[in-house]
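The next block holds one structure in the form of structure tokens; read it before the comments.
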Amino acid sequence: MKVLKPILYSTVAVALASCSTAGSIAKKEVPQGPNTSIDIPAKKAELTDKEGKNWQHYDLATDTIPGMSTYKAQEFLKGKKGVEVIVGVVDSGTDLKHEDLKDVAWVNEDEIPGNGIDDDKNGYVDDINGWNFLGDSYKELLEYQRIMQNPSIADAETAAEVKEFYNKELEKAKKGIAKVEQNAGLYSKMLESVIEADKKFTKHFGKSDYSSQDVLGIKDNAELESSVAVAKQIFGFGIGSLSEAKSELEGAVSYFTGKLESDKAMISGDLLKKNYRKVVGDNPEDINDSPGYGNGNSGHSTKDESHGTHVSGIIGATRGNGKGMDGVASNVKIMAVRSVPDGDEYDKDVALGIRYAVDNGAKVINTSFGKGYSPHKNWVYDAIKYAAEKDVLIVNAAGNSSENIDVDKTFPNDAPDQVNEVSDNFITIGAMSSNYNEKLPASFTNYGKINVDVFGPGVAVYSTTPDSEYGKKSGTSMASPAVAGVAALVRSYYPELSASQVKRILMNSGTKIDFKVIKPGTKDELVPFSDLSVSGRVVNAYNALKMADRLVNGK
């Protein structure tokens, strides 16, 4: 992004000099990263189950898997002491009672649980683990639908654009409703088959954690023949286990049944009559209305509300406890800020969610959400600038529309004109896969030479889901918390560094990718990976810590 360029690619010799005070360290410029890339052949064998569940942590040079070198980074940190870092997860509800998250849950020690009093006088009553700006709501319209309901919330140009877009979407819904209904039924049947097969295999093997090799080893068993056929079909899709398939299919069923309901309501005209926000009790078009609205229940409202829990696990699920998976960061506490519904988030909830996290001690904030319209974007820009004033880094997902966001706008962002940043504490993350070849960038990821800063792991990432379960999800929503986890590591062990410095370290220290890749959203158009982001790199935890160490200690 424009204000970065003169600094990002400049190297100042004094930047590596030793410095005795945190103030002078914070003024150092971050050095340019090495221009050498790792030239190794792509891994041909499919990832094992273990590798598939942990690929984001592996090291490209030693494991031939293009992860973030988290394991190597943790080795580097042995014997070093870090400070606790609070990471604000502005997202859907987060299950901080999860077996892998309960020990890393942020607790507001100045608040007495359940007494109905704002003990710490921060404006929020009983905010023990964070705050819930959605109150008892979860379902919500998309922003363009809300603008169609009430065009006065947007400027005339946006309202006219939305009307045209809405009419196109209405025609799509009418033409595609049969296909959506078909998909909803198809995925529901597939889910039923997988659940039934899983039950039979669990009974047959006497355990629920059987492997794909166990299943493929079943021969001449008439009772399990149909279940084996189901499993082979699932494995053929590149899914390593039936438990993973269940998670994927549950997401698909939820998506298509929700879309079916929404499209039917859109066609009938009932959609624009809905007011999901009413239960919250505030005016979402007035940022000053109803201070302290919402409640302290920052957890998930239903099991399907899994996004925030998955994101939180990627950042900081307890490491080394032998359960589920390991997050990227240690010395971290997760603050749950519930601002993202099943639909588009309100600008008010995003802006106040960021401010809440800042005011209550977060040094890193993850924002894994986005939308195409933002009537009150200035509220969010002001919140981003407020975070910058308090030296808080915001790590943001680029979006999943395969679009060039130097051209197509997505919100939130830090550049109103898509060029000039409002501050230097906001880093936008594209999603990459575990394929170290032309398929490295995720097919769905947004990209931009100006507005995407760096890439992180975002395809089939294994993490926590509600009720102490686990599953894989894909999206820039997964890439962003992976990078937020690295940011938390750097801020923990090198707290002298500013948010701006940490941003540049994440970008400059990443692994340089020096080959052509398939442009997201195309079948086979090849472009240099360096055209997809400012840095042309993928985040590397080990390199980031080494660069931070040199900057702080001069070694």
Side-chain angles (χ1 to χ4, degrees), residues 1 3-4 6-34 68-70 73-74 76-77 79-88 315-316 328-333 357-358 361-366 384-396 414 421 423-429 453-454 456 480 482-510 534-535 537 539-555:
M1 299 184 181
V3 301
L4 273 182
I7 302 169
L8 176 61
Y9 296 110
S10 64
T11 306
V12 181
V14 72
L16 297 180
S18 177
C19 187
S20 59
T21 67
S24 56
I25 288 173
K27 295 177 182 178
K28 287 186 176 183
E29 292 188 62
V30 175
Q32 179 182 350
M68 300 191 302
S69 305
T70 315
Q74 292 292 341
F76 175 75
L77 292 174
K80 296 179 173 64
K81 291 185 178 180
V83 299
E84 185 176 279
V85 172
I86 298 170
V87 179
I315 296 168
V328 173
S330 47
N331 288 339
V332 69
K333 293 295 182 183
V358 170
K363 298 305 291 181
V364 177
I365 296 173
N366 188 80
I384 292 169
K385 288 186 281 188
Y386 180 71
E389 292 169 5
K390 303 295 183 179
D391 192 36
V392 179
L393 179 68
I394 298 175
V395 186
N396 180 63
D414 62 343
E421 298 175 335
S423 59
D424 196 25
N425 66 319
F426 190 96
I427 182 170
T428 297
I429 313 301
D453 293 305
V454 69
S480 182
V483 176
V486 178
L489 274 179
V490 175
R491 303 217 80 175
S492 172
Y493 288 88
Y494 304 96
E496 306 94 331
L497 298 173
S498 69
S500 174
Q501 287 174 311
V502 174
K503 170 181 176 175
R504 296 173 196 162
I505 286 171
L506 294 172
M507 295 170 66
N508 292 17
S509 66
V534 177
S535 66
R537 299 173 186 266
V539 166
N540 185 286
Y542 174 75
N543 291 349
L545 290 168
K546 289 280 285 185
M547 184 176 282
D549 195 68
R550 290 197 305 272
L551 204 59
V552 172
N553 297 317
K555 297 179 182 178

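Residue indices begin at 1 and follow the sequence shown.
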Next item on the list: Please tell me if the side chains of K503 and D453 come closer than 4.5 Å, counting only heavy atoms from C-beta onward.
Entry: yes

Value for CD (E421) from NZ (K385), rounded to nearest 0.5 Å, stands at 13.0 Å

Correct closest heavy-atom pair for I25 and Q501 would be O-NE2, 2.7 Å

**Message:** Measuring only between side-chain heavy atoms, which start at C-beta, is L393 closer than 4.5 Å to L506?
**Reply:** yes

Residues passing the salt bridge (Lys or Arg N to Asp or Glu O under 4.0 Å) test with K390, sequence neighbours excluded, are none

**Prompt:** Where do V364 and V502 land on the side-chain contact (heavy atoms from CB on, under 4.5 Å) test, with the steps shown first?
**Reply:** CA-CA 10 Å; V364 177; V502 174; over 6 Å; no

d(E496 CD, R491 CZ) to nearest 0.5 Å is 11.0 Å

Query raised in the report: Within a strict 4.5 Å, meaning less than it, do heavy atoms of the V85 and N331 side chains meet?
Result: no

Open item on the list: Test side-chain contact (heavy atoms from CB on, under 4.5 Å) on S423 and Y386; report intermediate values, then the result.
Closed with: CA-CA 9 Å; S423 59; Y386 180 71; over 6 Å; no

In short, G88 meets A362 closest at the heavy-atom pair N-CB, 3.8 Å

S69 meets the side chain to side chain donor-acceptor pair (under 3.5 Å) criterion, sequence neighbours left out, with D59, N540

Value for CD1 (I505) from CG (L551), rounded to nearest 0.5 Å, stands at 5.5 Å

Here the pair of heavy atoms bringing A499 nearest to D391 is N-OD1, 2.7 Å

Taking every heavy atom of V332 against every heavy atom of G316, the minimum-distance pair comes out as CG1-CA, 3.8 Å

message = Between M547 and V490, is the side-chain contact (heavy atoms from CB on, under 4.5 Å) condition met? List the steps.
response = CA-CA 10 Å; M547 184 176 282; V490 175; over 6 Å; no

The reported gap from CD1 in I427 to CZ in R504 (rounded to nearest 0.5 angstrom) is 11.0 Å

Do K546 and S509 touch side chain to side chain, with heavy atoms closer than 4.5 Å?
no

Q: Please examine the side chains of I86 and K363, heavy atoms only from C-beta on, and report whether any two atoms are closer than 4.5 Å.
A: no

Take Q74 and L489 through the side-chain contact (heavy atoms from CB on, under 4.5 Å) test and state the conclusion after the steps.
-> CA-CA 9 Å; Q74 292 292 341; L489 274 179; 4.0 Å; yes

d(S500 OG, E29 CD) to nearest 0.5 Å is 10.0 Å

Tightest non-hydrogen contact, residues V486 and A544, listed as CG1-CB, 4.1 Å

Check your understanding: Can you tell me if S492 uses its side chain to pair, donor with acceptor, with the backbone of V83 under 3.5 Å?
Key -> yes

Nearest heavy-atom approach of A488 to V87 is CB-CG2, 3.9 Å

Is the shortest side-chain heavy-atom distance between N553 and Y494 below 4.5 Å? yes

Check: Should I394 and D414 count as side-chain neighbours, where that means a heavy-atom distance under 4.5 Å?
Finding: no

Any non-hydrogen side-chain atom of I365 less than 4.5 Å from a side-chain atom of V395? no

